[in-house]
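This report concerns only the one structure given below.
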2 protein chains.
Amino acid sequence: MKTKITLKHIARELEVSISTVSKALKNSSEISADTIEKVQAFAKLYNYRPNNLAISLKSRRTNNIGVIIPDIVHYFFTTVFRGIEHYSKERGYNVIACVSDESLEKEVINMELLANGSVDGFIMALSAETQKKNHFDHLSQVRDYGIPFVLFDRVTDEIECDKVLINDQEAAFLAVKKFIENGRKKIALITTEDYFSVSKGRESGYRQALETFGLPVDEKLILRLPFTDLDNGKVDEFFNTHGIDAVICVNEIFAVHCMNLVQQKGVKVPEEMEFIGFTDGILSKYAKPGLTSMAQHGFKMGQVAAKMLIHRIENTQDEEEEPYRTEIIKSTIIERESTINGITVL
Amino acid sequence: MKTKITLKHIARELEVSISTVSKALKNSSEISADTIEKVQAFAKLYNYRPNNLAISLKSRRTNNIGVIIPDIVHYFFTTVFRGIEHYSKERGYNVIACVSDESLEKEVINMELLANGSVDGFIMALSAETQKKNHFDHLSQVRDYGIPFVLFDRVTDEIECDKVLINDQEAAFLAVKKFIENGRKKIALITTEDYFSVSKGRESGYRQALETFGLPVDEKLILRLPFTDLDNGKVDEFFNTHGIDAVICVNEIFAVHCMNLVQQKGVKVPEEMEFIGFTDGILSKYAKPGLTSMAQHGFKMGQVAAKMLIHRIENTQDEEEEPYRTEIIKSTIIERESTINGITVL
DNA sequence: TTGTAGGCGTTATCAA
DNA sequence: TTGATAACGCCTACAA
């Protein structure tokens, strides 16, 4: 087992000083061509690689980005992660990935752990519990230490920072608009508990569309489900009682689940009931019928978040603070067979 | 903006030496109760946290694990990742996640990058290209430096190291056995190019089962698809020509895709054609009909891999090398509606 | 009981 | 052109 070689080893072997070696490896003009060649040849031979830790300690830069997401087995978050990873690598940053498991405590622990020198900045989507309890001390604290962070998707108004969002409200509005143009009258919304920022936005777009186009907002047409453990009884009753002819769901699991359920009862999709989901993931694509979805462009979102963060990391030094920005990623509709394709252009 | 506080700051402020502070924070018996209290109070007040980098540099331990997987937007890999992350956090390790994108080059770059002090060990599934080209220098090199690693799922016989696998061959055998017991005669296999270790194992189990139960192995019943960009023409022809009455697919995407396709042509699943997939992911669950799948228990796999790695990290010091182990995670069948539920116990 | 000194691997300043 | 020295933040053997 070879041991990792250091500057010191090279210096000793070549009978020069450590600083000479360091400079030679950087092609410093202070060093003679001879020495440079000798040192570099030796370094190459023994496959010298500088120790990241030492460099980080010295430079106060880790070139690591901490990503904290509520769940990794989740199409949207992994897609965003992919975008973050992709852009970050391009710019020479690694990604340390942590999962908060929808728990505030884990979010805090992960953040504190990484904040002590492991990471130059954070990109995160808040856990359910964090949004529910409105507890953001960990964010303010990290900011106090001058560590920048970017929130995406699951954000809060209480903290000022860079954010990346989709136009949830507008997207929901457009989805409902499409239903209305297709002649639907009883448009249901299936959503989560309303402490999620995204659900809130989507619900508000839903209401706004109904009002705008002169349809009554019927609270009984709004079904709130927990985001795990779908209760079929409740869903079943919902679909049995209200004469629903179109459904917008805040995620694709709700949508596909409900679509399967009503089809089992003989309802024809899309003829008798149309469906639109959010998150254009793998489920939407392989559902039967294919689920029309509002695509959230997670990859792009991740790229943008990483770009904002790295920009801030690399410009946070001396200059005066730039104002925080909120980037909106436009959601687009991906039409499949769960809706009737009119001439509407969204 | 507060700046991060260090031992030095505390020492200066309290007019003691740095080492006194260091010891006091560790409740060293060398230090007087008075000083300990004073130091700890101050540290708490100013929210002192030791710098991870400095500790790592000193201790030669990062408490980071590098995970390199081919793709993150992929149910099985994220599930494994979840297991790794879960176990690692429990043991005080963070996870640095890298995506190789099925590219050998990216796999090598990521590995070299992290090997220079960022990580105490690796857990990885080989990229498609790595398996295809049989190029493993990066693995041997890392091992030469004494950095342990564990391979899971996508492994190679050419490198000796700890491995975590599922019993691919046996699982495929059992799946085919189930078909045969259900009276199926024309059992097709839909797989990938055969440089994937998992596909190889599954194919071999498929062949073995046919032979064992006296059915002919018909090469025309084996369809090899690229793992992206499914070509419907080819698949269509495959199903049109061979009188197939049961299909085993090496992943759930192939399975659901084909199931949708044949259903569109009026084939009744499972009555006329049964399906079994691998990877019991979200697609299997929400497909219509629900897809019977060989579950790979990714979470468990991740936990086991992390456990093996951490064990090796923490025992690699002085003692003589322990022999490498290969852990097998037993795949189990999750029966849904795409197969006919006989009395068979697998 | 407290402090000094050296080291982890690197970089940067300044002196030779 | 090269080298000695100090520093990044922490730990620890040893000296006071």
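What you are looking at is a predicted structure, and each value in this text was computed from that prediction instead of being measured. So you know, we letter chains A, B, ... as the sequences are listed, proteins then strands, and number each from 1.
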5′-ward residue of the pair A:Leu53/B:Ile31 relative to DNA chain C: B:Ile31
Whole angstrom value for the distance that separates P of D:dC11 from CZ of B:Arg61: 15 Å
Nearest-nucleotide pick for B:Arg60, side chain only, options being D:dG3, C:dC8, D:dC10: C:dC8
Donor/acceptor link under 3.5 angstrom from A:Ser22 side chain onto base of C:dA12: no
Sugar-phosphate, base or nothing in reach of B:Thr35, heavy atoms under 4.0 Å: sugar-phosphate
Distance-only polar pair, side chains of B:Tyr145 and A:Asn47, donor-acceptor under 3.5 Å: yes
Exercise: do A:Glu112 and A:His138 side chains pair donor with acceptor under 3.5 Å: no
Length of the line joining B:His9:NE2 and D:dC8:C1', which is rounded to integer Å: 12 Å
Whole angstrom value for the distance that separates C1' of D:dC8 from CD1 of B:Ile55: 14 Å
Length of the line joining B:Ile10:CD1 and D:dC10:C1', which is rounded to integer Å: 12 Å
Atom-pair distance (CZ on B:Arg12; C1' on C:dG3), nearest Å: 17 Å
Sugar-phosphate, base or nothing in reach of B:Lys23, heavy atoms under 4.0 Å: base
Side-chain N or O of B:Lys26 closer than 4.0 Å to phosphate OP1/OP2 of D:dC10: no
Donor on one side chain, acceptor on other, B:Ser22 and B:Ser19, under 3.5 Å: no
Parallel, tilted or perpendicular: rings of B:Phe76 and B:His74 (30°, 60°): perpendicular
Per B:Asn51 side chain, nearest of listed nucleotides D:dG9, C:dG3, C:dC14: D:dG9
Atom pair distance, as rounded to whole Å: CG in B:Leu7 and C1' in D:dT12: 13 Å
Between B:His135 and B:Glu129: side-chain donor-acceptor atoms closer than 3.5 Å: no
Distance, rounded to the nearest Å, where B:Leu25 contributes CG and C:dT2 contributes P: 13 Å
Presence of donor-acceptor pair under 3.5 Å, side chain of A:Lys58 and base of C:dA12: no
B:Leu57 side-chain proximity, nearest of D:dG3, C:dG9, C:dG3: C:dG9
Position toward the 5' end of DNA chain C (nearest nucleotide), B:Ile18 or A:Pro50: B:Ile18
B:Gln40 versus B:Asn27, side-chain donor and acceptor atoms under 3.5 Å: yes
Listed nucleotide nearest any side-chain atom of B:Ala54, set C:dG3, C:dT1, D:dC10: D:dC10
Proximal nucleotide (of C:dG3, C:dT1, C:dT10) relative to the B:Ser32 side chain: C:dT1
Nucleotide of D:dG9, D:dA4, C:dT2 approaching B:Thr20 most closely (side-chain heavy atoms): C:dT2
Any B:Tyr48 side-chain nitrogen or oxygen under 4.0 Å from OP1 or OP2 of D:dG9: no
Touch class at under 4.0 angstrom, heavy-atom based, for A:Ser28 against every strand present: nothing
Atom pair distance, as rounded to whole Å: NZ in B:Lys8 and C1' in D:dA7: 7 Å
Base of C:dT4 paired with side chain of B:Ser19 (donor-acceptor, under 3.5 Å): yes
